[in-house]
Amino acid sequence: MRFAIGATAVLAAAVVRADDESSSSAAESSSVTSVTKPTFTPTTLKAPFLEQFTDDWESRWKASSAKKDVKSGDEEWAYIGTWAVEEPTVLKGMEGDKGLVIKDKAAHHAISAKFPKKIDNKGKTLVVQYEVKLQTGLECGGAYMKLLQDNKALHAEEFSNASPYMIMFGPDKCGATNKVHFIFRHKNPKTGEYEEKHLTNPPMARIVKTTSLYTLIVKPDNSFEIKIDGESIRNGTLLEDFSPSVNPDKEIDDPKDTKPEDWVDEARIPDPEAKKPEDWDEDAPFEVVDEEATKPEDWLEDEPSTIPDPEAEKPEDWDEEEDGDWVPPTVPNPKCDEASGCGKWEAPMKKNPEYKGKWTAEYIDNPAYKGVWAPKKIKNPDYFEDKTPSRFEPIGAIGFEIWTMQNDILFDNIYIGHSIEDAEKLKAETFDLKITAEKAEEELTAPKPADTPKSPSDLVFKDDPINYIKEKFALFVEIAKRDPLEAVRFVPEVAGGLGVVALTLIVVIISALVGGGAAPSKEQVKASADKAKKAAVGAKDKAAEAVTTGAEKAQAEVNKRTTRSAAS
C-alpha cells in the first residue's frame, strides 16, 4: 500500500508543482523590470542651426497653410496635417525629450523653420543630421527633410512641394520602394536652369520603432558620406554617383546626320550562290508508319478499351420518360491493364528518316557590310564643366513636406552645420543614450516567442519529468471527455497510473471495512503493493495492445483504399 500511496502522491505533487511553477513564471513575466532612462538636458553645442524642440519651438517653426502644387487637371491637395511637439509614446528612451510629431494618417503635412542666417558651405564641409522615430512603422510615406534655397520671398505659411530646395535627404518607403533619398538641385551655369540630381544607388531606410539617426556629410572635394545610426552606409562623389550626371558629355550625336540610303548594315546574308539539292523533298512528312512493327502476342483485339462501370447504379430519381434511357458511365477496362493493349491494333508512327523540311540557303558574311551606322559626333553646344558642385547655393530654411499613411513619425535633434566633430558630440549626448534605453525596453517588452510544446508522443520523462506528467495527464483528460477508451489507447501511461491510484483506493476501502481500522500487517502491505503494480502493468499492456490494434486496423484500411485506387 505504501507503493500505491507513494505513486499517487508523486503524481499529484508533480501536477501541483507544475501549476505552481507556471503561476510563478507568469508572475515574473508580468513584473518586468523597468529600464533606467536618462533625462534630457539641452545641449550647449552651437551650430548654424540646431533644433531640439524645446518649449520655445513655436517661435521658429511654422506650419504651412498652402495648397499642394499639382499638375493641371489633378485634384488639389491642401496641407491639412497637424503637428505637435511631444515625447514619444512608443519605446521612449529619454525622459523629457520631445520631438516634432506628425499627428495625422493619410494626410499632407508641411512645416518649416528659417535659419537665423543663411548657410553657405562654399569651401566648407556640410553636415546634416537628424533623428527619425517611426512609432507606428512606415508602410507608405516619407520621413525626409528639405533644405530650402535662401529666398527672400519664402514665407513659412506658403511652404509647399513647389518651394525650391537645395538638398532633399532622408528615408522614404512605399511598397517595394525603400530608400534614403539624397537629391541635390544643381544650377546649369549656361542656362541658369536647375536640375535634380539623384543618388544612383541609395541605401535602404531602417524601418524600426526605435530611433534612427541619419547623417549626410558633403566635403569641398565633392565627396559625400551617408551614415545611419553612426554607421557608414554609402559614400562616393557628386560627380560620379548621381543621375543625371552633373556635367554633360563633351560630344553628342549630330542631330542633322542621317544614315545614307545605300548603307549596308546586314552583317550576314543567305548565300546567293547556294542551290537546293535535286533530291531535297520539302513535302516529306515528319513521321511515317513503322512497317516493321508487329502486334504483341497478348494484345486483346476483341476487348474494348472501356467498359460500363459495374458498380454504377441508376439513380432512384431517374425518370426514363424525361431523362431517357439510363446509360452507366464507362471506366477503363481492367483487362487492358494486364495486357499490352485492347481494341483494333494499328502500327505506331516513327520519325521519317527522309524528312528534311523546308530548304534554306546557308548564311555567309556579307561582303558589302559597312558596319553599324552611327551619327557623327559634334561638340556639345550645351557643354560645361562644374568642378565644384559641392558648392551648394545658400540655404535659408529647413522644411518637412510629407505625405504618409502612418502617423506619429517623430523628428528630433536636428544639426545643420560644418563640424563633423560637433555632430558626433550631439549624437553622443542624445542618440547614443536613448537608443540604449530604447533597445533595452524593446527587449523586455517584446512578446516572448510562444513555446511550442512537443507532441505528447515526443515527450521524454527524463528530459522534464514535471512537464511530462502534466502534459500527458492534460491530454488524457481532454481525450477522455470525448472517448474514454480512446484516451486509454492514446495515453496508456496515464491510464496505467490511474489504475494504480484506483486500485490503491479500493485496497484502502476494503482494508478499512475488513480490518475495522486496524493497521495492516507487513505481508498485507507488500501483497497490496505487488497487486497494484501488476494491475498498473496490465493496464499499460492492454492500452498498448489497443493502440497496436488500432494502428493495424488503420493500416489495413489504407491498404484497402490503395488497392481500390490501383484497380480503378
Side-chain angles (χ1 to χ4, degrees), residues 285-351 450-459 470-499 502 535 538-568:
F286 179 74
E287 288 185 325
V288 294
V289 176
D290 186 359
E291 301 293 348
E292 298 179 357
T294 58
K295 183 175 68 174
E297 294 182 358
D298 62 342
W299 190 274
L300 305 176
E301 198 158 8
D302 296 330
E303 284 287 342
S305 59
T306 60
I307 61 172
D309 186 354
E311 296 184 2
E313 296 180 1
K314 183 172 68 175
E316 295 181 359
D317 58 349
W318 188 274
D319 189 337
E320 293 190 352
E321 293 183 359
E322 294 184 4
D323 302 327
D325 294 336
W326 180 78
V327 179
T330 59
V331 295
N333 188 344
K335 293 182 180 180
C336 298
D337 294 337
E338 301 172 358
S340 297
C342 296
K344 183 180 178 181
W345 180 84
E346 294 180 352
M349 302 293 287
K350 69 175 184 178
K351 184 177 179 181
D451 292 332
T452 305
K454 294 182 178 180
S455 167
S457 60
D458 295 333
L459 294 174
K470 181 182 177 182
E471 292 294 333
K472 292 284 187 177
F473 186 79
L475 181 63
F476 182 87
V477 172
E478 184 64 27
I479 297 175
K481 292 178 182 178
R482 302 188 300 269
D483 188 341
L485 291 178
E486 185 66 20
V488 173
R489 294 191 186 103
F490 198 78
V491 198
E493 302 94 330
V494 176
L498 292 177
K540 184 174 182 180
D541 290 342
K542 289 181 179 180
E545 181 182 355
V547 173
T548 302
T549 303
E552 291 174 349
K553 289 182 178 180
Q555 186 59 49
E557 182 63 22
V558 170
N559 294 339
K560 184 177 179 181
R561 291 177 180 273
T562 304
T563 303
R564 283 183 179 177
S565 299
S568 61

Inter-residue atom distance [X].[atom1] - [Y].[atom2], 0.5 Å rounding:
X    : Y    : atom1 : atom2 : value
L300 : S305 : CG    : OG    : 11.5 Å
W318 : E313 : CH2   : CD    : 14.5 Å
S340 : K295 : OG    : NZ    : 11.0 Å
N333 : E338 : CG    : CD    : 9.0 Å
D317 : E322 : CG    : CD    : 10.5 Å

Query - D319 atom CG: more than 12 heavy-atom contacts under 6.0 Å - result: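 Correct, the count exceeds 12.
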Report task. Assess whether atom CD of E320 is packed by more than 12 heavy atoms of other residues, nucleotides or ligands within 6.0 Å. Result -> yes
Query raised in the report: Does the pair M349 and V289 meet the rule for a side-chain contact (heavy atoms from CB on, under 4.5 Å), with working shown?
Result: CA-CA 4 Å; M349 302 293 287; V289 176; 3.6 Å; yes
**Report entry** Contact summary for A293 and W345, nearest pair of heavy atoms
**Finding:** O-CH2, 3.8 Å
**Report entry** Considering all heavy atoms, the nearest C336-P304 contact
**Finding:** SG-O, 3.6 Å
Query - Donor-acceptor pair, side chain of W299 and main chain of K344, under 3.5 angstrom - result: no
Requested in this report: Answer whether the closest heavy-atom distance between the side chains of V288 and K350 falls below 4.5 Å.
Outcome: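 A side-chain contact under 4.5 Å exists here.
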Query raised in the report: Just wondering, do V331 and I307 contact through their side chains at under 4.5 Å, heavy atoms?
Result: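 The answer is yes; the side chains approach within 4.5 Å.
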